[in-house]
Protein chains: 2
Amino acid sequence: MKPALMTQKISDAILTMRKSERKVAEFVLAHPADIIHMRIVDLAKRAEVSEPTVVRFCRAIGCEGFQDFKLNLAQQLAASPSFGQIAVTDEDTVADYSHKVFDSTVDTLLKVRDSLNPEIMDRAVNALCNANRVEFFGFGASGAVAADAQHKFFRLQLATAAYSDHHIQHMSAMSMKPGDVVVAISQSGRTEALINAIEVVRSVGGIVIAIAPSGSPVIQKASIPIEVNVEEDIEIYTPLSSRIAHLVVIDVLAIGVAKHKGPKLHDHLFRLKQGLRKLRVNNER
Amino acid sequence: MKPALMTQKISDAILTMRKSERKVAEFVLAHPADIIHMRIVDLAKRAEVSEPTVVRFCRAIGCEGFQDFKLNLAQQLAASPSFGQIAVTDEDTVADYSHKVFDSTVDTLLKVRDSLNPEIMDRAVNALCNANRVEFFGFGASGAVAADAQHKFFRLQLATAAYSDHHIQHMSAMSMKPGDVVVAISQSGRTEALINAIEVVRSVGGIVIAIAPSGSPVIQKASIPIEVNVEEDIEIYTPLSSRIAHLVVIDVLAIGVAKHKGPKLHDHLFRLKQGLRKLRVNNER
DNA sequence: AGATTTTTGTAGTTTTCCTACATACAGCGA
DNA sequence: TCGCTGTATGTAGGAAAACTACAAAAATCT
């Protein structure tokens, strides 16, 4: 049903292929974007094989035929822009690099989406729903993420706070009650101060939901580890997409909590919105 | 070259179409996902027109023919998942709604990407590069965005600050010098306090870059208006994607500034990273 | 080296898409 | 209202693309 990862499939299947089919596979992997505007004869010629071989290749990777293959490939190309060049170069115009920044962000989000573990997310939502208190800890860029999260969960009628200060985190952590939740957010997963705070929270019986890269200390020490891996080419010209991935993960948690809380939340949010209008000019809408 | 927004194009062109072509257009907009697996005859039959009409329709919206149209549509479908249902329902499992949240975010980003005006972005980048001081103003959720922006630009060796407090904004605004820049961020574009602050900044000769919805007062009062329109179905179960769009727009600006500043920035960022390592456990990498 | 199996290409068939043309419809002036 | 002109739509036929059956070539095994 879904386009899935065509190129992945090809790479996998390439080993079990016959020589001439492999030629096709290699050509496709080398010039994925060109294929879309090719006919079967063009591809056959450029891969130096015959037409039926191309058809057999399409079947070999699970497509109906050449048309179907082209369509699926087109979808994959559109879905993950990472096949275009994503790194920003010095010659790029504004339009170029603005496209690239958006595309790489989208690419990151799609990857994170597919790597999330639903079971872990479910546990996180449950923990958040049952907590009396929910706090968000993060430093640096993750501090802003924590602030955003606090703002979001605050609207869901939860007692929340966000701290970017080590000492305050520490003090707050010590006063946690069993069942209370801290969401620890980190891009590196190695920030020492954050790890300390996590240990304190757990020692007093609090639950720690971590949003950090796989295998990092923050993930290892957490009760509910949400692993988010973003290859940070920390090249200067590459934007940090991980913050954004973290924000969206938190959005998912927020939606989960909202679902659990059910309709009584509607009224609350409605009243909130009414109140906000007074702070705006032009009270229509 | 690019897939662009097919459905958008169709909606636009539908007015200038003849009756029977319009039938096709309406069917396509109603069942976009089905088209991909249809042949020209199928579509003709279901739209109750003849085959050549379908071909004419394809030409009318700028495609080579039916094949080309199908391909472009497939790309758009893969790229913007919004054509699947995006609203979260009560029956959704964790996996379901987590997918939806990511997809709707991606969808928002792609729309914003295609609607950005490069010329305006260029002006914004130039203003930022020439400023002695750059400040970010925002309230509520946009406050977190401002904080994130501050963190980001701070790394680019600019004198920056982010304020979410009306009084402090006001005071800071009054001390602006000509050429200094304030980036005003707002989801509604109507927050009264923010509009006041903008007026003050402009009265002392400061430049205001606004990130807000088209036509809103914030945009109208700005020197450099970056229009970002996100349909906020402010349904409870729909996440607010506009924050994220704003963040990415700011990423673009940051990349632009980094490009202008050129290589001397490399050293600075490198030293910053070195320094951060000391705050982490496991100093490898 | 010969026989068998596997792999690849040739030639032909079918399907799909597109174009030329004819008919039907709508708008306008008398 | 009628006829004329121009546009809009469908019919039928032709071109091209994709797919299939079969035969030749290569590789493998005995």
Side-chain angles (χ1 to χ4, degrees), chain A residues 3 6 9-10 12-77, chain B residues 3 6 9-10 12-77:
Chain A
M6 267 290 141
K9 244 186 195 168
I10 300 177
D12 291 350
I14 206 169
L15 296 169
T16 65
M17 282 183 185
R18 340 183 200 280
K19 204 168 13 168
S20 62
E21 284 173 18
R22 198 172 298 178
K23 277 193 203 167
V24 182
E26 275 158 11
F27 183 86
V28 172
L29 289 177
H31 314 272
D34 301 347
I35 307 291
I36 302 177
H37 301 291
M38 282 187 179
R39 301 164 311 170
I40 198 166
V41 282
D42 300 325
L43 178 53
K45 188 172 284 179
R46 300 208 48 191
E48 298 182 317
V49 296
S50 67
E51 297 184 32
T53 305
V54 174
V55 176
R56 280 189 283 263
F57 160 79
C58 297
R59 301 263 157 83
I61 57 172
C63 294
E64 289 283 324
F66 182 68
Q67 286 287 19
D68 188 43
F69 165 70
K70 243 171 60 171
L71 224 63
N72 282 5
L73 191 73
Q75 298 221 350
Q76 143 138 18
L77 281 188
Chain B
M6 268 290 142
K9 248 186 194 167
I10 300 177
D12 291 350
I14 207 169
L15 296 169
T16 66
M17 282 184 185
R18 336 178 204 285
K19 204 167 16 172
S20 61
E21 283 174 20
R22 197 170 300 178
K23 277 194 204 167
V24 182
E26 275 159 11
F27 182 86
V28 172
L29 289 176
H31 314 272
D34 300 347
I35 308 291
I36 302 177
H37 301 292
M38 282 186 180
R39 298 164 313 167
I40 199 167
V41 283
D42 302 324
L43 176 54
K45 188 173 281 177
R46 297 208 50 192
E48 297 181 318
V49 296
S50 67
E51 297 184 32
T53 304
V54 175
V55 176
R56 278 190 283 264
F57 160 80
C58 297
R59 300 264 158 82
I61 57 172
C63 294
E64 289 284 323
F66 182 68
Q67 286 287 20
D68 188 43
F69 164 70
K70 245 171 60 170
L71 222 63
N72 282 4
L73 191 74
Q75 298 221 353
Q76 142 138 20
L77 280 188

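Here is how names work: the chains are called A, B, and so on, in the same order as the sequence lines, proteins then strands, and each is numbered from 1.
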Original post:
When rounded to the nearest 0.5 angstrom, what is the spacing between CD1 in B:Ile35 and CG in B:Leu43?
Top reply: 5.0 Å

Original post:
Of all the choices, C:dT15, D:dT11, D:dA18, which nucleotide is nearest to the side chain of B:Arg39 once you look at every atom?
Top reply: C:dT15

**OP:** Report the distance from atom CD of B:Glu64 to atom P of D:dA16, rounded to the nearest whole Å.
**Re:** 16 Å

Original post:
If you pin B:Glu48 and A:Gln67 to their nearest nucleotides in DNA chain D, which one's is more 5'?
Top reply: B:Glu48

**OP:** Calculate the interatomic distance between A:Leu43 atom CG and D:dC19 atom C1'; express it in whole Å.
**Re:** 15 Å

Original post:
Out of D:dT20, C:dC18, D:dT9, which nucleotide sits closest to the side chain of B:Glu51?
Top reply: C:dC18

Original post:
Where do B:Val49 and B:Phe57 land on the side chain to side chain contact (heavy atoms under 4.5 Å, CB included) test, with the steps shown first?
Top reply: CA-CA 11 Å; B:Val49 296; B:Phe57 160 80; over 6 Å; no

Subject >> A:Asp68 CG - D:dC19 C1' separation (whole Å) >> reply: 14 Å

Original post:
Counting side-chain heavy atoms from CB outward, which of C:dC18, D:dT20, D:dC19 is closest to A:Pro52?
Top reply: D:dT20

Subject >> Spacing between B:Arg59 atom CZ and D:dA8 atom C1', to the nearest angstrom >> reply: 17 Å

Subject >> Short side-chain to backbone donor-acceptor contact, A:Lys70 and A:Ile40, under 3.5 Å >> reply: no

Original post:
What's the CE-P distance between A:Met17 and C:dT8, to the nearest Å?
Top reply: 11 Å

**OP:** Any chance you could lay out the salt bridge (charged side-chain N to carboxylate O under 4.0 Å, His left out) test for B:Asp42 and B:Lys45, step after step, and finish with the verdict?
**Re:** CA-CA 5 Å; B:Asp42 302 324; B:Lys45 188 173 281 177; over 6 Å; no

Original post:
Are any of B:Lys19's side-chain N or O atoms less than 4.0 Å away from OP1 or OP2 of D:dT7?
Top reply: no

Original post:
In whole Å, what is the span from the CE atom of B:Met38 to the C1' atom of C:dT15?
Top reply: 18 Å

Subject >> Residue whose closest nucleotide on DNA chain D lies nearer the 5' end, A:Val41 versus B:Ser50 >> reply: B:Ser50

Original post:
If you check the B:Thr53 side chain, which of D:dC19, C:dG9, D:dG10 turns out closest?
Top reply: D:dG10

Subject >> Side chain of B:Arg56 (C-beta onward), nearest among D:dA17, D:dT20, D:dT9 >> reply: D:dT9

Subject >> Among D:dA18, D:dG10, C:dT8, the nucleotide that comes nearest once only the side chain of A:Ser20 is considered >> reply: C:dT8

**OP:** Round to the nearest Å and state the distance from A:Phe69 atom CZ to D:dA18 atom C1'.
**Re:** 15 Å

Subject >> Rounded distance (nearest 0.5 Å) linking atom CE of A:Met17 with atom CZ of A:Arg56 >> reply: 12.5 Å

Subject >> Gap between atoms CZ and C1', on A:Arg18 and D:dA25 respectively (whole Å) >> reply: 15 Å

